[in-house]
Structure formats: structure tokens, C-alpha cells
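Within every chain, numbering begins at 1; the chains are lettered A, B, ... in the order of the sequence lines, protein sequences first and strands thereafter.
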There are 2 protein chains.
Amino acid sequence: MTKTRLDAATVVNAAAELLNREGPEALTLGRLATMLGVQTPSLYNHVDGLSGLRRELARLNAQRLAEELTEAAIGKSGVEALTALAQAFRAYIKTNPGLYLANVRASASQPPVDERLQAAEERIVRIVTAVIESFGLKGDDALHAARAWRSAVHGFASLEVSGGFGLALDCDESFRRLLEVMIHGLQAASSKAENT
Amino acid sequence: MTKTRLDAATVVNAAAELLNREGPEALTLGRLATMLGVQTPSLYNHVDGLSGLRRELARLNAQRLAEELTEAAIGKSGVEALTALAQAFRAYIKTNPGLYLANVRASASQPPVDERLQAAEERIVRIVTAVIESFGLKGDDALHAARAWRSAVHGFASLEVSGGFGLALDCDESFRRLLEVMIHGLQAASSKAENT
DNA sequence: TGACAAAACGAATATGATTAGCTAAAATGC
DNA sequence: GCATTTTAGCTAATCATATTCGTTTTGTCA
């Protein structure tokens with residue numbers, strides 16, 4: 001077991017783990033360096049400071065999520081695909097709460113978005129839209145519906161992991177019902193779109 | 001116009017404004033002190049450091065939101081109330097993006113929650129639940145439906161202000177359709193609950 | 001007016017991010 | 001295999017920010 005040298009991926013993965021385990025306050029270059037058995041300035045050989053690290057984390061988050069969603073959707077369509085996608089989405093956020101929530105920020109500020117981040121985000125949109133289309137919606141109807149579906153699932157899981165649901169009411173049951181509501185509503189939207 | 005002395009409310013309001021205007025990075029005690037024409041340590045007379053300030057901001061956010069929702073729901077019921085509530089919720093987040101998003105964190109960590117924060121959060125849950133009940137749902141059915149509704153609206157507005165909707169597709173129209181989907185789905189859930 | 005309490009201040013300290021310059025190890029080219 | 005070049009890592013120094021302390025100023029009110 002020889003001590004291998006650090007690389008960017010190792011640094012970013014360790015940062016993601018720290019973020020998930022101890023939350024945003026804990027993500028400090030010092031902590032990260034200790035975790036990796038190295039001095040703080042050495043991290044600058046692999047990431048562009050704290051803000052560069054945050055950019056990498058945003059990319060990692062989008063790529064991991066796209067990965068999970070892709071896998072969940074393979075070989076399914078219609079209601080089955082929509083349900084599988086929703087469950088994968090929620091499971092991802094529960095596994096990566098810190099990483100996921102760290103990337104929900106009031107943005108519209110950094111126009112030069114990372115290329116790989118943008119690619120992964122487009123991939124996510126494409127997967128969701130494709131599944132929605134397998135549901136009978138096309139064009140802008142599908143895009144609006146994809147936004148609705150994503151809002152519901154993202155919103156539920158965000159509130160869940162951030163403790164927004166105070167009450168002692170079963171979250172699994174709530175999620176099941178949310179999906180029922182969305183599927184009913186989308187089916188109605190789908191019928192309506194056909195009569196046009 | 002004599003120079004009035006500072007108080008806690010002024011400090012917290014200024015912090016909220018800074019957060020909304022320039023985002024979480026910009027919220028620093030130094031910036032805040034400059035903004036208020038005072039030296040940094042003076043702020044400690046009014047708030048308990050940066051983490052105390054963040055607690056106050058969480059409370060302010062919940063109270064402002066509860067306020068807006070209450071006002072929007074007055075004198076309405078059923079679909080009309082649900083729609084008004086959703087629009088008020090979205091409008092609130094668009095007006096207070098920094099303040100709102102700063103309080104979506106992976107928590108479940110600080111058990112000694114501020115009393116006024118908790119009161120305001122309960123108030124929000126009560127308003128939403130009451131409106132859902134005016135829709136024909138009772139007991140746990142109403143609570144699950146309230147979670148669903150809140151997930152959808154919170155999710156939509158969060159994604160909207162954080163730039164999560166990349167495409168150049170009208171957000172107002174997407175929101176209108178999201179509400180249609182939710183209302184359809186909740187009506188279906190309501191009919192189903194009646195046959196029990 | 002005089003005493004008390006609250007607010008503000010300057011100075012000092014601690015932590016964390018960042019930069020610079022140096023060294024040693026690893027990769028590369030011959 | 002050896003010389004050159006690149007790269008990772010280090011120490012030391014600097015900067016920004018949060019926080020504490022003791023003191024001074026400023027309002028309040030008896």
C-alpha cells in the first residue's frame with residue numbers, strides 16, 4: 001500500500017463526502033487537507049481555490065444525478081418510467097444531501113458556466129423530457145410538464161432533507177401520494193393536449 | 001434628521017437586503033457594518049455574531065412568508081385559495097431569493113430551534129393545511145396533500161430563481177400548468193378519499 | 001445635573017483562504 | 001539509463017473575516 005499522489009478527482013470526491021457528512025460549514029480547505037493527509041496550499045495544485053472547488057462540486061453533483069437518472073430510466077416508459085425516475089431522484093438527494101443542496105443558490109450571476117456542468121444539466125433535462133414524452137406529451141407541452149415534474153420531486157426531496165416537514169407523518173407515504181397526484185394531473189394534461 | 005441608533009431589527013433587515021441583492025457570499029459582518037455606518041464589532045450589541053444573525057434571518061424569512069401567505073388566503077377557499085396561495089408563495093421567493101434560499105440547508109442538526117422560527121413555520125403549515133381542507137381533504141389526507149402542494153410550489157420557485165430552468169420557455173405559463181396539474185391531481189385524491 | 005445602561009469604538013487575536021518561492025519527486029525525451 | 005522538465009508538495013508570509021476585550025461615548029431618567 002504505497003501512498004499514492006493526489007489528483008483533482010480525489011480532492012473533489014473527498015469534498016463531496018465532507019459536505020454530505022457534515023454540511024456546508026464543515027467544508028473548509030483546512031479540513032479537506034487534513035482529510036487527505038496534506039497541507040492546505042497543496043490543494044491548489046488540483047483545484048482553483050475554494051470557489052474552483054465549488055464549481056467542481058456543482059459539476060460532480062449534476063453528473064452523478066444524471067448518471068442515476070439515466071440508469072433508473074433504462075428500459076421503462078410511461079408511468080413506470082416516471083415513478084422510477086422520481087424514486088431515483090429522491091434517493092440521490094437523500095444520499096447526497098449536502099452536495100445537492102449546496103448547488104441550489106440564487107444564481108443568474110455567473111454567465112461563464114462550466115461546460116461539463118452545462119452538459120450534465122442538459123442531460124438531466126433530456127432524460128426527464130424523454131420520459132414525459134413517453135407519457136403522450138409533445139413539444140412545449142412536454143417541456144412544461146417536465147418542469148412541473150422536476151419541481152415536485154426536487155421540492156419534495158429538498159424539503160425532506162432540510163427538515164422542512166416538521167410533522168411525524170410518514171414521508172414515504174407522502175411521496176407515494178405526491179407521485180399519484182402528479183401522474184393524475186399529467187394524464188389530464190395529456191388528454192387535454194390530444195384534443196387540440 | 002438626527003442619526004438614530006441601531007437596533008436588532010435594523011441590522012437583520014439590512015442583512016436580508018444584502019442577501020437578496022448580492023447573494024450569500026456578500027453577507028459579511030464587514031459589509032453589513034459599512035452599510036449601517038458602523039464598525040464591525042458594534043454589530044455584536046444587536047445580534048449574536050454571524051451564526052446568531054443567520055438564525056434571525058431564518059426567523060425573519062419564515063415570518064415574512066407566513067405573513068404573505070396569510071394575507072393571500074384571506075376570504076378565499078377551494079381552487080381560488082390554492083391558486084392565490086401558490087402565487088403569493090412564488091412572488092415571495094422572487095422578491096426574497098437570497099433570504100429564502102439561504103434557509104434551505106441540510107439540517108436535522110440544530111435541535112434547539114428558535115421559538116419564533118418554529119411558530120412561524122407552524123403557521124405556514126397551518127395555512128396551507130387549512131386551504132387544502134377547504135378543498136375536501138381531512139386528517140392525514142390533508143397533511144399529505146399539503147406536503148405535495150408545498151413541494152411543488154417550493155420546488156418550482158426554487159428552481160426558477162436559482163436558474164435551474166435553462167430553457168427559454170415562459171415560466172409564467174409553466175407555473176400556470178403546474179397549478180393545473182396539482183389541482184387536477186388533488187381533486188382526484190379528494191374523490192378517492194370520499195369513497196373510504 | 002448626575003448616575004446608570006446601552007451602544008460604539010479601537011486594539012488585539014484566531015481562523016481560514018490565498019500567494020510566493022523553494023525543494024524533491026515523477027514523468028519525459030534522448 | 002541519464003538529463004531535462006514538469007509537477008506535487010512544503011514552509012512562510014499575507015490578507016480577509018469573525019470574534020473578544022476593555023474603554024469611551026451617548027442616551028435616558030431619576
Side-chain angles (χ1 to χ4, degrees), chain A residues 1-60 98-99 102-103 105-106 109-110 112 114, chain B residues 1-60 98-99 102-103 105-106 109-110 112 114:
Chain A
M1 178 85 187
T2 119
K3 180 182 218 169
T4 71
R5 277 164 82 134
L6 223 47
D7 62 3
T10 307
V11 172
V12 178
N13 284 331
E17 195 190 322
L18 192 52
L19 205 44
N20 286 328
R21 251 195 303 129
E22 308 192 27
E25 318 284 88
L27 181 59
T28 173
L29 293 184
R31 282 293 305 271
L32 194 51
T34 302
M35 204 173 154
L36 294 164
V38 111
Q39 296 297 320
T40 306
S42 303
L43 297 176
Y44 284 79
N45 288 316
H46 306 289
V47 294
D48 188 11
L50 189 58
S51 57
L53 176 61
R54 294 218 178 95
R55 280 193 298 276
E56 289 300 298
L57 286 168
R59 175 194 53 75
L60 178 66
L99 182 59
N103 292 295
R105 311 235 72 74
S109 34
Q110 338 77 308
D114 182 80
Chain B
M1 177 87 188
T2 120
K3 181 182 219 171
T4 71
R5 279 163 83 133
L6 223 46
D7 63 4
T10 307
V11 172
V12 179
N13 284 330
E17 194 190 323
L18 192 52
L19 205 43
N20 286 328
R21 251 195 302 128
E22 308 192 27
E25 318 284 88
L27 181 59
T28 173
L29 293 183
R31 282 292 304 270
L32 193 52
T34 302
M35 205 171 153
L36 295 164
V38 111
Q39 296 297 320
T40 306
S42 305
L43 298 176
Y44 284 78
N45 289 314
H46 306 288
V47 294
D48 188 11
L50 189 58
S51 57
L53 176 61
R54 294 218 178 95
R55 281 193 296 277
E56 289 300 298
L57 286 169
R59 175 195 53 74
L60 178 66
L99 182 59
N103 292 296
R105 312 235 72 74
S109 34
Q110 337 77 309
D114 182 81

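- In plain terms, the two heavy atoms of B/L19 and B/P24 that are nearest each other are CD1-CA, 3.6 Å.
- Looking at residues two or more places apart in sequence or on another chain, you find no side chain to side chain donor-acceptor pair (under 3.5 Å) involving A/N103.
- Note that CD of A/E17 is 10.5 Å distant from CG of A/L32, once rounded to the nearest 0.5 Å.
- For A/D7, the side chain to side chain donor-acceptor pair (under 3.5 Å) criterion is met by A/T10, not counting sequence neighbours.
- Residues passing the side-chain contact (heavy atoms from CB on, under 4.5 Å) test with B/E22, sequence neighbours excluded: B/L18, B/A26, B/R31.
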Between the protein and nucleotides 5-7 of chain C, which nitrogen or oxygen pairs come in under 3.5 angstrom?
{"residue": "C/dA7", "atom": "O4'", "partner": "B/R5", "partner atom": "NH2", "Å": "2.3"}

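- Summarising the geometry, the separation between CG on A/L43 and C1' on D/dC10 is reported as 12 Å, rounded to the nearest angstrom.
- Here the closest heavy-atom approach between residue A/G98 and residue A/N20 is recorded as N-OD1, 3.0 Å.
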Name the atoms and distances for all side-chain donor-acceptor pairs under 3.5 Å in residues 33-44 of chain B, with sequence neighbours left out.
{"residue": "B/T34", "atom": "OG1", "partner": "B/G30", "partner atom": "O", "Å": "3.0"}
{"residue": "B/S42", "atom": "OG", "partner": "B/Q39", "partner atom": "O", "Å": "3.3"}

Seminar exercise, completed: Under a 4.0 Å heavy-atom criterion, the protein footprint on nucleotides 13-20 of chain D, written with B, S and -, is ----SSBB
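- A/D114 CG to A/R55 CZ: the interatomic distance, rounded to the nearest 0.5 Å, is 8.0 Å.
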